[in-house]
Every structure is written in C-alpha cells, then in structure tokens.
Amino acid sequence: MKKIILVIALTFALIFPHSANAAVFKDLSPKHWAHDSITSMAEQGILNGYSNGTFRPNEFITRAQAALILARALELPARTEFKPKFGDVGPRHYAYDEIAVLTEREVFADANHFNPDALLSRAQMAKVIIEGFEITVDDNHLKSYLDVPASQWAHDYIITMSEVGITHGVDQTRFDPYGKVTRAQLAAFTDRTLLFQEQVRTGTVTYDGDRKIYAGKKEKAYGTIAAVNAERKSKGLSILKEDPALSAIAQKKAEDMVKNNYFAHESPTYGKPYEMAVKLGYPTNQVGENIARGFFTVEDVMQGWFDSKLHYENMLHAPYTVIGIGYAEDSDGFPYWVHQFAILP
C-alpha cells in the first residue's frame, strides 16, 4: 500500500536562478513566459519563426495570419469548394484557402469584407478559438472581468475560454477585449487549447450538461481553497485569492510528480518551487509550497495539513496574498495534491 505523505517547503530566493535551457529562437529567452508554448507550436509547424532565426514574440497577429495558424492547429483540409463572398480576399491571397475552410465551418462570418490585414483583437481571438475547436459555450459564468460586461459581443466566448483555463486575462480583473494579440499570446492560447482538447478527448475533462460547465478531476481540489481561507479568517488573517497563473504552475508540479514518479519539492524538471515559478514566468519568486499524496478527499488532505505543524504554519503565513492549487492522479488513481502560495502586491 502506498504511504500517505505530506511535505512542506517555504522558500524565498533572493536572486533569479540561471536557466541552462537554450532558446529555440535567438530573440526568445528560456525565461520568457510563453517559451514552452512557442517552442511546442514551432516544433509542430503551427507557428513558425522568421528566416533570420527570430520569432518576434511581441509582434501583433493579423486576421489572415491567425487563420493560417488556426487551420494548421485544427489540421483542416488544405482546400474546399466553398467560396466565401469576401471582396478583399481573393483566391490569390496567401491565406485564401485557410480563410475559406474556416468560413465554411462558420468560424468566421461570411461577410462582404474579411479585413485580412487588420490586427486580431483578444475578443476576436476568443471567438475563433472557441468556434474553431468546437468548445461548448456555457452560461454558467463562474468567471468575470470588469471590462467584459454581459453586453460585450464576445462575452460568452471570453468567459468560456477563461473557465476552461485557456486564458486568464491580463490581470485578475481585466481581459482587455480590444487589445491586440501578439505572436507569443497566440502561441500560448493555441497550445493551451490543444492541451484542453486532448483532456476532453481522453475524458480527463468532460462537459457537465446539468451544471453547464466543463469539469475534471482537478475540480475537487478547489474545495481546499475555502478550507484554507476559513482557517486563516479564524486566525484574523487575510484570505487568499486563487491566482489562475499560480494554479497553472501548481498543476504542472502535481503532473510532474506523477509523470516522473517522485514526491518532493525539488522537481527534476523545474527545480525548487521558487525556481519553477521564475522559469514559468510568474511575477514573483516569493513562493511557498505544501504537497501531499495518498489522501482521497478534500477533508482528509486538509486534516493532514492541519495536523502537520509545518504545513499548518505555512498556510497561515501572514504575508501570503494568493494561492494556487494542483491535483493529479497516477495510473492507479493515487492522488497528488499541491498548494502553492505567493506574495503579490
């Protein structure tokens, strides 16, 4: 029988560690927040660099370029007999075939103008990704942004994308729907969407028609946040906000432990918790971590952490402002839990 184990780390680095990973493109640092996604997209031939060896991560994407990238990611047929009525995109246009295929699939509206050279907005990006990958648009609206009211034309697309973890907004309260999409951002969005699609394909995530939301095994781990905050509140401490970016890192840590069959704070892939945060582009290296394995319910894992003096003290560390959660199971269904805490302004 596998043993129930808890481990704690409270580590703060004073300097950013050097990464030995080499960038694929000469203008892309291994520490760039989208480095892994850009590398993955380039290796799959979905989003290419330039002939001079650069990627230009901060360059904006046009609507025509987005059509090319989306068609590649979806592995769509190269041609179609469908003829869109766009007056500004003819058969000789470099992206005509991809635009035509996507318009036939109703990803793009078949209108008089396509505006191929217009820059893609974040709202438009949400719409074409959700429609292109046929992600069910729900009306549960568990997420919200101050700059995306219900009347915003892409509201449901944006909220759905956020709920399934493809995007987390420019910060915790804003999405910036009219901001323009960079090459790095589209690489990250596409990479996360392909990962989400694979989770749906394998049944890790399924759409719950009754609750009108995508749900997966990780969902139950969110219940631990309320337990942590209830305990902090009882001690007169501030409650912690769930930070999707930190949760993404905690999830990677949980999955990394399962994949590489270890149970420790120092990952053979990412290093120590604060090193992992820095490598994955998190805005601070002031990160602490609790991990556990072998607990099958929220109540049991929280009681385990409560009963451990060091774990308990770590979750009650007063300066913390945000929390991230991760949860994964190995092939035997044996669970691994991760809490990461950070100090953000």
Side-chain angles (χ1 to χ4, degrees), residues 2-11 140 142-143 162-165 168 172 199 204-206 208 211 213-258 263-265 267 270 273-274 276-277 280 282 284 286-330 333-344:
K2 296 181 178 178
K3 296 174 67 177
I4 294 174
I5 306 175
L6 305 109
V7 182
I8 180 176
L10 179 59
T11 51
N140 216 17
L142 298 179
K143 299 277 188 177
S162 180
E163 287 178 353
V164 300
H168 306 302
Q172 292 185 355
Q199 292 172 331
T204 304
V205 173
T206 58
D208 187 330
R211 292 189 295 155
I213 191 172
Y214 282 97
K217 293 177 180 178
K218 179 187 171 184
E219 186 182 37
K220 70 178 182 181
Y222 280 94
T224 61
I225 298 175
V228 169
N229 280 332
E231 194 66 18
R232 286 178 66 91
K233 187 176 181 180
S234 73
K235 303 299 181 183
L237 300 172
S238 62
I239 65 172
L240 306 178
K241 292 183 178 180
E242 191 260 333
D243 181 1
L246 190 59
S247 285
I249 296 173
Q251 184 63 24
K252 282 182 179 289
K253 177 59 180 287
E255 293 170 357
D256 187 59
M257 287 193 291
V258 169
F263 184 68
H265 289 293
S267 160
Y270 302 105
Y274 67 86
M276 181 178 185
L280 295 179
Y282 198 64
T284 180
Q286 298 185 81
V287 175
E289 181 179 86
N290 283 353
I291 59 177
R293 66 178 178 178
F295 296 91
F296 290 90
T297 68
V298 167
E299 292 75 18
D300 286 345
V301 74
M302 289 309 305
Q303 192 60 53
W305 278 330
F306 286 157
D307 290 342
S308 167
K309 184 175 183 292
L310 291 178
H311 289 87
Y312 187 69
E313 290 177 350
N314 191 30
M315 73 175 68
L316 295 183
H317 187 55
Y320 287 146
T321 58
V322 295
I323 184 173
I325 58 98
Y327 177 86
E329 297 177 2
D330 66 13
F334 195 72
Y336 288 71
W337 306 74
V338 177
H339 272 182
Q340 290 192 339
F341 308 93
I343 303 172
L344 292 180

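Hydrogens, waters and symmetry mates are skipped; everything else that's a heavy atom, side chains included, is used. Each residue takes its place number in the sequence, starting with 1.
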Euclidean distance, [Y] [atom2] relative to [X] [atom1], rounded to 0.5 Å:
{"X": "Tyr327", "Y": "Tyr222", "atom1": "OH", "atom2": "OH", "value": "14.0 Å"}
{"X": "His339", "Y": "Tyr320", "atom1": "NE2", "atom2": "OH", "value": "12.0 Å"}
{"X": "His311", "Y": "Met315", "atom1": "NE2", "atom2": "CE", "value": "8.0 Å"}
{"X": "Thr224", "Y": "Ile323", "atom1": "OG1", "atom2": "CD1", "value": "5.5 Å"}
{"X": "Asn290", "Y": "Ile325", "atom1": "CG", "atom2": "CD1", "value": "13.5 Å"}
{"X": "Glu255", "Y": "Glu329", "atom1": "CD", "atom2": "CD", "value": "11.5 Å"}

Contact between [X] and [Y] at the side-chain level, heavy atoms closer than 4.5 Å - yes or no?
{"X": "Phe295", "Y": "Pro335", "answer": "no"}
{"X": "Val298", "Y": "Met302", "answer": "yes"}
{"X": "Leu316", "Y": "Glu231", "answer": "yes"}

To check you understand the geometry: which heavy-atom pair defines the closest contact between [X] and [Y], and what is its length?
{"X": "Phe306", "Y": "Ala227", "answer": "CZ-O, 4.1 Å"}
{"X": "Thr284", "Y": "Gln286", "answer": "OG1-N, 3.1 Å"}
{"X": "Gln251", "Y": "Gly326", "answer": "OE1-CA, 3.4 Å"}
{"X": "Ser238", "Y": "Ala318", "answer": "OG-O, 4.4 Å"}

Just by distance, no angles: are the side chains of Glu299 and Gln303 close enough, under 3.5 Å, to form a donor-acceptor pair? no
Does a donor on one side chain and an acceptor on the other come within less than 3.5 Å for Tyr312 and Asp307? no
Qualifying salt bridge (Lys or Arg N to Asp or Glu O under 4.0 Å) pairs with a residue from residues 239-254, counting only residues at least two apart or across chains: Lys253-Glu289
Before you tell me yes or no, could you show the steps for Tyr336 and Ile291 under side-chain contact (heavy atoms from CB on, under 4.5 Å), namely the whole-Å CA-CA distance, both residues' side-chain angles and the distance that decides it to 0.1 Å? CA-CA 7 Å; Tyr336 288 71; Ile291 59 177; over 6 Å; no
Out of Val287, Leu344, Leu240, which residue meets the side-chain contact (heavy atoms from CB on, under 4.5 Å) rule with Val322? Leu344
Let's go through His317 and Glu313 carefully: what are the C-alpha distance in whole Å and the side-chain angles of both, what is the deciding distance for side-chain contact (heavy atoms from CB on, under 4.5 Å) to 0.1 Å, and is it a yes or a no? CA-CA 6 Å; His317 187 55; Glu313 290 177 350; over 6 Å; no
Start with the C-alpha distance between Asn314 and Leu310, add both sets of side-chain angles, then the distance that settles side-chain contact (heavy atoms from CB on, under 4.5 Å), and finish with yes or no. CA-CA 6 Å; Asn314 191 30; Leu310 291 178; over 6 Å; no
Looking only at atom types and distance, does a side-chain atom of Arg232 sit under 3.5 Å from a main-chain N or O of Leu237, one as donor and one as acceptor? no
